[in-house]
Structures are given as structure tokens and as C-alpha cells.
There are 2 protein chains.
Amino acid sequence: MDTTQSTDQERSADRRRRELLEAADRVVLRDGPGASMNAIAAEAGITKPILYRHFGDKGGLYAALAQRHTDALLDSLRAALDAPAERRERVEATLDTYLAAIEARPQVYRFLMHPAEGGQPGGDQGFDVGKLSAPLLRRMGEELGTVIEERLDLGPDSRRLARIWGHGIVGMMHAAGDWWLGERPCTRAELVRSMADLLWGRLAAAGDRVGGPGF
Amino acid sequence: MDTTQSTDQERSADRRRRELLEAADRVVLRDGPGASMNAIAAEAGITKPILYRHFGDKGGLYAALAQRHTDALLDSLRAALDAPAERRERVEATLDTYLAAIEARPQVYRFLMHPAEGGQPGGDQGFDVGKLSAPLLRRMGEELGTVIEERLDLGPDSRRLARIWGHGIVGMMHAAGDWWLGERPCTRAELVRSMADLLWGRLAAAGDRVGGPGF
DNA sequence: AGACTCGCGTTACCGCAGGTAACATCTTAG
DNA sequence: CTAAGATGTTACCTGCGGTAACGCGAGTCT
């Protein structure tokens, strides 16, 4: 009945859990975001119900996997953000870190980016709009927002402003990165510089083109 | 055999197509992005195979639906972008237009945003990373990039820069909007202002907070 | 008129995915 | 030796995307 002497079994369960997650990782890396539970179970050398015992449902496995990668990526990003350098340099390093990560393992990040679909037939209608849209993006946005708020002096509304900017910048990074991955229109460094330029207000500062639209 | 006298049937087919799309629209509006083909067919008062005859597969219906909304939204955005006003005002109007749209019909835009999942079992493995990720986002990004390039004088690399910025800004808008829809941390106007501030370089211009991190 | 095609629509089915119930087994405690 | 409980299995259910095969009414050709 007591909960104190379960260390042994918990250890074992945790180890299995990690093994399963690593297997899932391999499958996702190979098959992309559409990896099926069957495939993951097979890769782990077991069968489906075990996966479900460990993770509840596919969303659970998704969440666990997402947390692993999100943690890892966030650590890298934090390191870039905390580097002792000029702000511009830190921002560029952060952007580059993110892009390097998605460039190295695109399948994984494609898997992480979109929602779990959900849609239980018998259950609720699910009006929680965008509630659990993309965990990685959300966490990155929050994190970046926190960092911005910690580091910068933004006046009275700093909290709100920082969070908005956090999510906004992450979204910019993500969308531009996704597009860049598909089309490869330039080098990573160029992309980084261009995005930093955008954040540095070059859009606002640029001159109008001569001969405007029609008039 | 000839292809000239098919106007009548084409009219009819087009009308049915439109009806089906409107039905699909209603269902997506009600059931969210997980709307099933069966549900859509039922809503339209017909059965599945007809949908497949008209749209090929779910991706086809998805594409058709996406095009409708994307066209409509892009028209609104172009209008905001083309308004005879200061650049800052136009940017704010554009952001606000987008946010108003997703606020008005969140389900629809949630449906539009994420990929079709794909994953044909017998066919290719699908290594086209992010190729067809989110049509709406991509089109908006391209469109905005074009507009930026047309309007602004950005020096030698204007084409590349404009496209990057287009996709980046759209991503920012999307991510911040998605987060805002879920949490509603502030009014729409505040969000718009904050994002415009970001684009106007306030991040770069802000002062460091007194007493930095640990040192 | 009668046969022929052809667009529109149906029922019934396949394969596969997520998810579960029920059974088998191996270890460990008393 | 027996009882409990984790570990793993097979076999199954549901629902979805997608398809094949058939039914039917309207125009067309001879």
C-alpha cells in the first residue's frame, strides 16, 4: 500500500520508458511525422498495448517525445541567448541555433510542429481553439518572452509586450525556417542576417520605391 | 468528342462543386479541423464517393477549401496593404485584418493551418520535408514578400530580403495570433500595436535592464 | 420506339490507424 | 505452494480515407 518501496520498479519502468522513447525517436526520424504506433512498437521490439500502458494514448507519447526535444532545443537556445555578447549577436546566434536544429533533423521538427489532431468521436466537440496547437512553438514563445522580459527594460507593459514579442519572434523564426527548409533560397547565414535586419527595424526604415503603385 | 459544347454540364458541375464546398465549410466551421469526409458528405446531403469524384481525395477538397479562404483573406490583406496611408498605419491595418479574420472563424483557420498529414502507405516515403506544409501560410508569405518588394527599396538583395521578410512577418502574425486566440491576454488593438512596435525595431532599441543576469 | 452512352448517385467493401479487453507468463512475497 | 502484480501477448472493436460495383434517369443515335 505504501509508496516508498517502489524505487526498484520505478527505475525499471523509467528505463523502459526511455528505451521506448528512443525507439519512437528513431521511427519518427525515419518515417516522419506520420509514424504509427504499430511501427514504433515494432521498432522497440514489443507490441502496441505496452506503449499505451506507458503513455496513455498517442498524445501522451507525442507529449513525452516533444518534451525531450523541446528541452534539448531550449537548452541550446538559452545558451545562445545568454552568451556574453552584443544583443544583435545573441539574437543572430539564437536564430542560427534554431535553424541549425531544424536543418539537422527536419522530420523530428515537422513531427513536433503540428497538433495531435485529436477529435475524439464520442467525446466533446473540442472548442478549445488552438489550446494545444503546437507545444514546441508555445513553449519556445513563452521562454523567449520570459528572457526578453528579464533582459530588457520595456516600460510599464513589459510583461505583455515581452510575451507578444516572444511568440511573434518564434513564429517568424519558425515560418521563415520552414519555408527556407523547403526552398533553400539562400544560405543559413543570409537568412539569419535578414531576419535580424527585420527585427532591427530595417523594414520601417527602408525608403519607398520610386514610382509608387499606379500613381 | 469535342470539348466545345460542354458549357451546360460544366456550369452544373461547378455549381455542385460550390455547393459541396459550402457544405464542407459549414462542417469545418462546426466540427473543426478534424471534419471527416463522411460528415461533409452528410452535410451536403450526399455520400462520400461523390466528394471523391469531385475532389479526388481529401487533399483536393482541402486545397479547394483553402484556396477559397486564402483568396478571400488575401483580398482583404491586399486592400489593407494598398490603403493610402502611412506605412505604419498600413502595417497595423494588415495585422488587424488578419487577426479579425482568425478571430471571426477560428475553426476554419485552424483547419487551414496544418498539413494534410499525407503518409500514403503503399507509396513513397514522403521525404519532401515541409514541401506542402501550410498552403495558406506559404501563399500569404509569398504574397506579402511580393508586396514588400514592389513597394520598398531594399538595395541589391531586395528580392531575397523581401521574401524572407514576407514569410517571417506572416509567421509572426500567425504564431502570435494563434497564441492570442487561445489565451486572450490583451485586446486585439494592443496586440497589433505591439507587433508593429516589434517590426519598428523597438526590440533593438530597448535599453538593457539594470542589474543584468547574475553579474 | 428501342438500345446506348454517360453523368449522378447509391451500397458495400478494403486496408489501416488508434485504442482496448482478455488471456498468458514470469517474478516476488507470505 | 499460493496469491498478487507487473509484463507482455493475441485478437478484437471503431472509425476513417478511399474504391469497386452496381442503379438510374436524361439525352442521343439509328
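To find a chain, count down the sequence lines: A is the first, B the second, and so on, and within it residues start at 1. Keep in mind that this is a model prediction, so the values were computed, not measured.
Across the protein-nucleic acid pair, B:R17 atom CZ and C:dG7 atom C1' stand 16 Å apart, rounded to whole Å. Nucleotide C:dG7 holds its C1' atom 16 Å from the CZ atom of B:R15, rounded to whole Å. For B:N38 and D:dT14, the CG to P distance is 16 Å, given to the nearest whole Å. In this structure, CG of A:L61 is placed 10 Å from P of C:dG19, rounded to the nearest angstrom. Rounded to an integer number of Å, the gap from CG of A:D31 to P of C:dA17 is 10 Å. Between the C1' atom of D:dA6 and the CG atom of A:D14 lies a distance of 15 Å, rounded to the nearest Å. Atom pair B:Y62:OH and D:dG17:P shows a separation of 15 Å (rounding to whole Å applied). Atom CG in B:L20 sits roughly 12 Å away from atom C1' in C:dC8 (whole-Å rounding).
Under the side-chain contact (heavy atoms from CB on, under 4.5 Å) criterion, B:T146 pairs with B:E150, not counting sequence neighbours. Under the rule for a side-chain contact (heavy atoms from CB on, under 4.5 Å), the partners of A:A85 that lie at least two apart in sequence or sit in another chain are A:E89, A:R90. Partners of B:R17 under the side chain to side chain donor-acceptor pair (under 3.5 Å) rule, at least two apart in sequence or in another chain, do not exist in this structure.
The pair A:R88-A:E92 meets the salt-bridge criterion, with a side-chain N (NZ, NE, NH1 or NH2) lying under 4.0 Å from an Asp/Glu carboxylate O.
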Quick one: side chains of residues 21-28 of chain B, donor-acceptor pairs under 3.5 Å with protein atoms, not counting sequence neighbours, listed by atom name and distance.
from: B:D25; atom 1: OD1; to: B:H69; atom 2: NE2; distance (Å): 3.2
from: B:D25; atom 1: OD2; to: B:H69; atom 2: NE2; distance (Å): 3.4
from: B:R26; atom 1: NH1; to: B:E43; atom 2: OE2; distance (Å): 2.4

Let me check something: any side-chain donor-acceptor pairs from residues 96-104 of chain B under 3.5 Å, sequence neighbours excluded? List them with distances.
from: B:D96; atom 1: OD1; to: B:R188; atom 2: NE; distance (Å): 2.9
from: B:D96; atom 1: OD2; to: B:R188; atom 2: NH2; distance (Å): 3.1
from: B:T97; atom 1: OG1; to: B:A93; atom 2: O; distance (Å): 2.7
from: B:E103; atom 1: OE1; to: B:R188; atom 2: NH1; distance (Å): 2.9
from: B:E103; atom 1: OE2; to: B:R184; atom 2: NH1; distance (Å): 3.1
from: B:E103; atom 1: OE2; to: B:R184; atom 2: NH2; distance (Å): 3.2

Determine all donor-acceptor pairs shorter than 3.5 Å in which one atom belongs to a side chain in residues 48-61 of chain B; sequence neighbours excluded.
from: B:D57; atom 1: OD1; to: B:G59; atom 2: N; distance (Å): 3.4
from: B:D57; atom 1: OD1; to: B:G60; atom 2: N; distance (Å): 3.0
from: B:K58; atom 1: NZ; to: B:A35; atom 2: O; distance (Å): 2.9

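The stretch residues 45-58 of chain B touches DNA chain D through B:K48, B:P49, B:Y52, B:D57, B:K58, each having a heavy atom within less than 4.0 Å of the strand.
Applying the ring pair (Phe, Tyr, Trp, His ring centres under 6.0 Å) test to pairs two or more places apart or on separate chains, those with a residue in residues 162-193 of chain B are A:H167-B:W179, A:W179-B:H167.
Comparing the local axis fitted to the first five base pairs of the helix from C:dA1-D:dT30 to C:dG30-D:dC1 with the one fitted to its last five gives a bend of 30°, rounded to 10°.
More than 12 heavy atoms of other residues, nucleotides or ligands sit less than 6.0 Å from atom CZ of B:R68.
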